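Worksheet for the structure shown next.
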Number of protein chains: 2
Amino acid sequence: MTATRIREVALKHFAKNGYEGASLADIAAEVGIKKQSIYTHFKGKDELFLDLFEKVQAKELNFVADYLQRHKHRSIDQLLYGFLIQYIDCYEQDDNAKFFLRTVFFPPSHLYEVIVKQGYYHLEKLETMLIPVFDQALADGLITPDVSRDTGTAAFLAVMDGMFVELLFGGAELSLIRIEASWLVYWRGIKK
Amino acid sequence: MTATRIREVALKHFAKNGYEGASLADIAAEVGIKKQSIYTHFKGKDELFLDLFEKVQAKELNFVADYLQRHKHRSIDQLLYGFLIQYIDCYEQDDNAKFFLRTVFFPPSHLYEVIVKQGYYHLEKLETMLIPVFDQALADGLITPDVSRDTGTAAFLAVMDGMFVELLFGGAELSLIRIEASWLVYWRGIKK
DNA sequence: ACTATCCTTCCGAACGTTCGTCAGGATGAT
DNA sequence: ATCATCCTGACGAACGTTCGGAAGGATAGT
């Protein structure tokens with residue numbers, strides 16, 4: 001299917017060069033077609049971009065949900081730390097996270113409203129998934145009551161953001177060092 | 001001076017729309033001149049962009065250095081927490097941080113090498129300035145010896161990154177909430 | 001089996017617009 | 001008279017987009 005090929009290549013280009021920096025001509029060239037042919041599969045640049053954004057966001061949320069479901073038996077420290085590590089491993093290879101973060105942080109101005117709205121939805125979903133984990137850990141007495149579930153969740157999301165930044169900027173190796181440090185301090189900060 | 005006016009406006013446009021998304025015509029229009037007149041003051045778009053990048057980076061480093069110098073008498077917790085808070089206040093008014101972060105995380109491809117190199121230099125400088133703070137605090141017995149100076153520094157830089165992300169995405173209000181949470185956990189994690 | 005029809009996919013050519021850039025001239029202050 | 005500054009005008013290149021038509025496969029009618 002040519003449409004999926006276009007999607008693959010476009011994701012790469014959008015992740016690397018952003019919306020304005022990516023050109024349909026370049027994308028088409030790498031697919032092996034002319035840029036006009038893209039219009040057979042998509043109404044235009046915006047539709048292609050938003051189609052990708054939608055799919056990638058769903059993928060990101062699924063990744064988190066799947067992980068939490070698969071490892072829900074783990075203790076909270078193993079669960080959260082493992083999550084960070086797995087994220088680094090998983091998102092070194094493909095451009096999903098890079099595209100998503102770039103789009104959410106710096107959306108093309110004419111799509112600002114749509115994307116920021118989705119960004120908040122994303123954040124909300126993440127919180128919704130994480131809060132029960134902290135509730136459970138608090139109930140089990142694994143983390144200190146001095147840190148509320150909301151505080152623990154917010155701080156963990158901040159740790160995640162720090163990891164994203166390092167992934168974007170320094171790559172997987174540097175991220176790992178930074179995450180080790182962040183996690184050590186974070187866990188000391190919330191454990192009983 | 002027109003050159004500084006151009007710089008001001010260009011900074012705003014680059015921060016908001018990125019290198020590719022910002023056009024010299026728009027910048028000139030807001031300054032109140034024609035786009036060709038920019039060439040009286042700058043060789044071209046790249047020179048303008050890199051000139052800004054250079055100045056902004058110096059400003060960012062000066063901000064940190066100044067703050068640490070001015071408040072070196074403070075205890076480490078007041079010093080670091082105050083730094084985070086001040087950054088949020090400062091960030092709102094000008095586009096320096098936004099431009100800098102956007103450029104460092106997602107540089108225009110044809111300037112990739114220059115900018116990434118400067119990015120690493122920036123990180124290195126930040127570490128160099130923070131490590132003595134942790135050394136002192138360790139010597140004073142204010143933070144636990146279980147967290148090395150390198151770990152404490154790395155984790156604090158991660159807290160900063162988390163703050164940047166939130167500043168970019170959610171604005172100052174959300175950042176404040178996130179920072180409160182991050183700092184509470186962080187300080188619990190490193191204090192004696 | 002043959003033909004006519006339709007649909008999908010792709011491309012050549014061109015559209016209008018915007019981009020960054022360059023050359024040359026007008027203006028005004030020193 | 002020199003100089004800096006800003007202008008008009010124009011340049012080629014790239015952008016996203018549209019249109020018309022060519023090629024091929026599948027389908028239906030005879």
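Quick note on labels: first sequence line is chain A, next is B, and so on, each numbered from 1. Remember, predicted model here, so these are calculated numbers, not experimental data.
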### Query
Among pairs that include at least one residue of residues 31-47 of chain A, which meet salt bridge (Lys or Arg N to Asp or Glu O under 4.0 Å), considering only residues two or more places apart or in two chains?
none

### Pairs satisfying salt bridge (Lys or Arg N to Asp or Glu O under 4.0 Å), at least one member in residues 16-27 of chain B, at least two apart
none

### Message
Enumerate the side chain to side chain donor-acceptor pair (under 3.5 Å) contacts for residues 156-169 of chain A, please, sequence neighbours excluded, ordered by first and then second residue.
### Response
A:D161-B:R178, A:E166-A:R178

### Sequence neighbours excluded - side chain to side chain donor-acceptor pair (under 3.5 Å) pairs with any residue from residues 136-153 of chain A
A:D135-A:R149, A:Q136-A:D140, A:D146-B:R188, A:S148-A:T151

#### Entry: A:E60: partners by side-chain hydrogen bond (donor to acceptor under 3.5 Å, both in side chains), with sequence neighbours left out
A:Y87, A:Y91

### Message
So, using side-chain hydrogen bond (donor to acceptor under 3.5 Å, both in side chains) as the criterion, who are the partners of B:E30 when residues are at least two apart?
### Response
B:K12, B:H13

### Message
Restricting to side-chain contact (heavy atoms from CB on, under 4.5 Å), what partner residues turn up for A:R102, sequence neighbours left out?
### Response
B:F106

### Strand-adjacent residues in residues 9-16 of chain A, judged by heavy atoms under 4.0 Å from DNA chain C
none

### Query
With B:K72, which residues qualify under salt bridge (charged side-chain N to carboxylate O under 4.0 Å, His left out), at least two apart?
none

Taking only N/O atoms, report every protein-nucleotides 9-11 of chain C pair under 3.5 Å with atom names and distance.
unit_1, atom_1, unit_2, atom_2, d
C:dC10, OP1, A:T2, OG1, 2.8
C:dC10, OP2, A:H41, NE2, 2.5
C:dC11, OP2, A:K34, N, 2.7
C:dC11, OP2, A:S37, OG, 2.9

#### Entry: End axis versus end axis in the helix from C:dA1-D:dT30 to C:dC19-D:dG12, the angle rounded to 10°, five pairs used at each terminus
20°

### Query
Can you pull the contact range of chain A along DNA chain D, 5' to 3', using atoms under 4.0 angstrom from its heavy atoms?
D:dC15 to D:dT18

